[in-house]
Amino acid sequence: MAAGGWRRRMPGGRAVAVLVVVLVVLAGGGYAAKPLWQPWWYASHLCAGLLSADDLAEVLPTKQLRAGKEDVDLAHGRMTCGVDTPDDHFALAVEVESDPDEVARRLNGEFTIPTTPRFVFPAGIPGFQGELGHYVVQECPDLRRDSLGRKRRLVTRVIGKWDEKHGTPATLRIAVALANGAAEKAGCGAPKLPYPQRAVLHPTPVPPAKGGAGCGWLARVRLPENPTGKPWRVVPRSDPHAAITHCALVDGTSGVTAADFTGWYGDWTDKSFDTLVGANVRLPRGFPDDGQVMSEHFGTAAARCDGEPAHYEASSYSGQGVRGVPARELRPLLVAFARDQAERRGCGHLALPGKRIFPSGR
C-alpha cells in the first residue's frame with residue numbers, strides 16, 4: 001500500500017480532538033456510574049474474595065468509595081480489609097483474628113463489663129451484635145494451643161454504617177461468609193455455618209419444656225410464682241455452643257424479661273467478671289472475693305471447661321411492669337443453670353455461690 005494511502009486512513013487533528021473529548025466523557029460517565037458497579041469490583045478484589053457483591057450492594061453507600069487497608073494472612077488466621085469513603089471513614093471494616101492475645105483484646109474491648117449483647121444471628125451461628133460490630137466466634141479444634149496452653153478461636157468482626165431495617169440481614173451474611181472462608185483457609189476445623197437469610201430481632205417466647213439446650217433446664221426446676229399470674233415463657237437467644245450463651249425468663253403475656261442467665265467461656269472473661277462483680281455486689285471489707293457471690297439482684301458461678309475458665313451469671317431487676325425475681329429464688333435458678341451448662345460442655349470444678357445474700361452494688 002502506498003504511503004499516501006496509509007495516511008488517508010489516519011484521523012486528522014480535528015478527529016483526534018473529538019476522540020479525546022469522547023473518551024473523557026465516557027470516563028466521566030463511568031466514574032459517575034461507579035456506585036452501580038463498585039460492589040462487584042470490591043467482591044472480586046478485597047477480603048480474599050470472600051465477599052458477596054449482592055450483600056455489599058445492600059450495605060455500601062451509593063457514593064464514591066475506595067478500598068481500605070488490606071492485610072490478609074489467612075494461613076495464620078488473620079485478616080484486615082474493608083471499604084472506605086474518600087474522607088478516610090469506613091463504609092465497611094472487617095477484622096479476622098485467631099491469636100489468643102488479639103482475640104482477648106478484641107472481646108474485652110467489647111465487654112469491659114459483660115453486658116449481654118444482642119443475639120441477632122439465627123440458631124446454629126455462634127455470633128452476636130455488640131456496640132462495636134457483628135461478631136462470629138468459632139472454636140478451632142484443628143489448631144494447636146499456643147505456648148501458654150490457650151485454645152485457639154477465630155473471631156470475625158464486621159463493622160459498617162447501616163440501619164437494622166435495611167442492612168442487618170446482609171451484614172449477618174457478610175460476617176458468616178467471611179467466618180466460613182477464613183476458618184477453611186486457616187485450617188481452623190470449625191464446622192461450616194449456615195447462611196442466614198434474616199436477623200432474629202424479636203424471638204418468640206416458648207414454654208420452658210421447648211427451650212432446648214439453652215433454656216430447657218428451666219422446665220426441670222421449681223420456678224418462682226409469676227406476679228402477673230400468667231405462665232412463664234423462655235427465650236433461648238443464643239446458640240448453646242457459642243462463646244456467650246443466653247437464656248431469658250419472660251412473662252408469658254407481655255414478653256418482658258424477668259431474669260437473664262448467661263454463660264461466658266474462655267480465659268478472656270476473667271478480667272471482665274472481676275469488674276462485673278465489683279459493680280453489682282457490695283462485699284464487706286476483708287471478705288474473700290472469689291467471684292461466686294449473690295447480691296439482691298445478681299449472682300455468679302464459675303467452672304473450668306477444657307482447661308479454660310467459664311463464668312455463669314444470673315440477674316433480675318424490677319421494671320417495665322415486671323417485679324424482679326428475689327435473690328432467694330434467683331440463686332437456685334443460677335445453680336441449676338450453671339450445673340446444666342457445665343454438664344453439657346463437659347466442665348468440671350464447678351464453683352457455686354453461697355447462700356449468703358449481699359447488698360447490691362448498684
Side-chain angles (χ1 to χ4, degrees), residues 100-119 128-132 135 137 148 150 153 155 237-238 242-249 257-305 307-320 323-339 341-342 345 347-362:
D101 285 328
E102 290 300 315
V103 166
R105 184 174 69 83
R106 281 163 173 75
L107 293 178
N108 278 322
E110 180 67 59
F111 300 109
T112 305
I113 295 178
T115 304
T116 302
R118 299 184 66 200
F119 296 100
F128 57 87
Q129 178 187 11
E131 294 295 326
L132 304 179
Y135 294 77
V137 184
L148 299 178
R150 294 176 296 183
R153 294 178 175 85
V155 174
R237 291 197 172 113
S238 66
I244 304 171
T245 63
H246 183 245
C247 170
L249 181 68
T257 298
D260 288 290
F261 305 90
T262 56
W264 303 73
Y265 296 88
D267 53 10
W268 60 274
T269 62
D270 281 342
K271 182 178 179 181
S272 295
F273 262 81
D274 285 344
T275 305
L276 185 68
V277 170
N280 284 275
V281 186
R282 194 182 321 137
L283 297 173
R285 182 175 298 178
F287 185 85
D289 177 12
D290 62 358
Q292 283 52 258
V293 290
M294 286 293 304
S295 72
E296 296 160 351
H297 309 286
F298 167 87
T300 61
R304 299 289 297 181
C305 306
E308 289 191 319
H311 295 275
Y312 304 102
E313 170 198 353
S315 60
S316 179
Y317 294 91
S318 300
Q320 296 182 306
R323 189 174 70 227
V325 178
R328 68 180 182 279
E329 295 178 303
L330 183 64
R331 181 188 174 277
L333 296 181
L334 170 60
V335 169
F337 170 66
R339 285 175 173 165
Q341 300 303 295
R345 294 219 182 194
C347 306
H349 304 285
L350 184 61
L352 301 171
K355 294 184 179 181
R356 182 176 178 181
I357 307 300
F358 295 96
S360 174
R362 289 192 174 186

Minimum heavy-atom distance [X]-[Y], with the two atoms named:
| X | Y | answer |
| --- | --- | --- |
| Gly263 | Phe337 | N-CZ, 3.9 Å |
| Ala310 | Cys305 | CB-SG, 3.5 Å |
| Leu352 | Ala338 | CD2-CB, 4.1 Å |
| Phe111 | Ser272 | O-OG, 2.6 Å |
| Tyr265 | Gln341 | OH-CB, 3.5 Å |
| Pro117 | Trp264 | CD-CH2, 4.3 Å |

Below 30° counts as parallel, above 60° as perpendicular, anything between as tilted: where do the rings of Phe273 and His311 land?
parallel
Do the rings of Phe119 and His246 sit parallel, tilted or perpendicular, given the 30° and 60° boundaries?
parallel
Please round to the nearest 0.5 Å and tell me the distance separating atom [atom1] of [X] and atom [atom2] of [Y].
| X | Y | atom1 | atom2 | result |
| --- | --- | --- | --- | --- |
| Cys347 | Arg339 | SG | CZ | 14.5 Å |
| Asp101 | Leu148 | CG | CG | 7.5 Å |
| Arg153 | Arg106 | CZ | CZ | 15.0 Å |
| Glu131 | Arg118 | CD | CZ | 9.5 Å |
| Tyr312 | Thr300 | OH | OG1 | 12.0 Å |

Backbone N or O of [Y] within a donor-acceptor pair of the [X] side chain at under 3.5 Å?
| X | Y | answer |
| --- | --- | --- |
| Thr269 | Gly266 | yes |
| Ser295 | Asn280 | yes |
| Ser360 | Glu296 | no |
| Arg331 | Gly354 | yes |
| Ser315 | Phe298 | no |

Side-chain contact, heavy-atom cut-off 4.5 Å: [X] with [Y]?
| X | Y | value |
| --- | --- | --- |
| Arg237 | Cys247 | no |
| Leu330 | Met294 | yes |
| Phe128 | Thr116 | no |
| Leu334 | Gln292 | no |
| Val277 | Val293 | yes |
| Pro100 | Trp268 | no |

Indicate whether any N or O donor in one side chain lies under 3.5 Å from an N or O acceptor in the other, for Tyr135 and Glu110.
yes
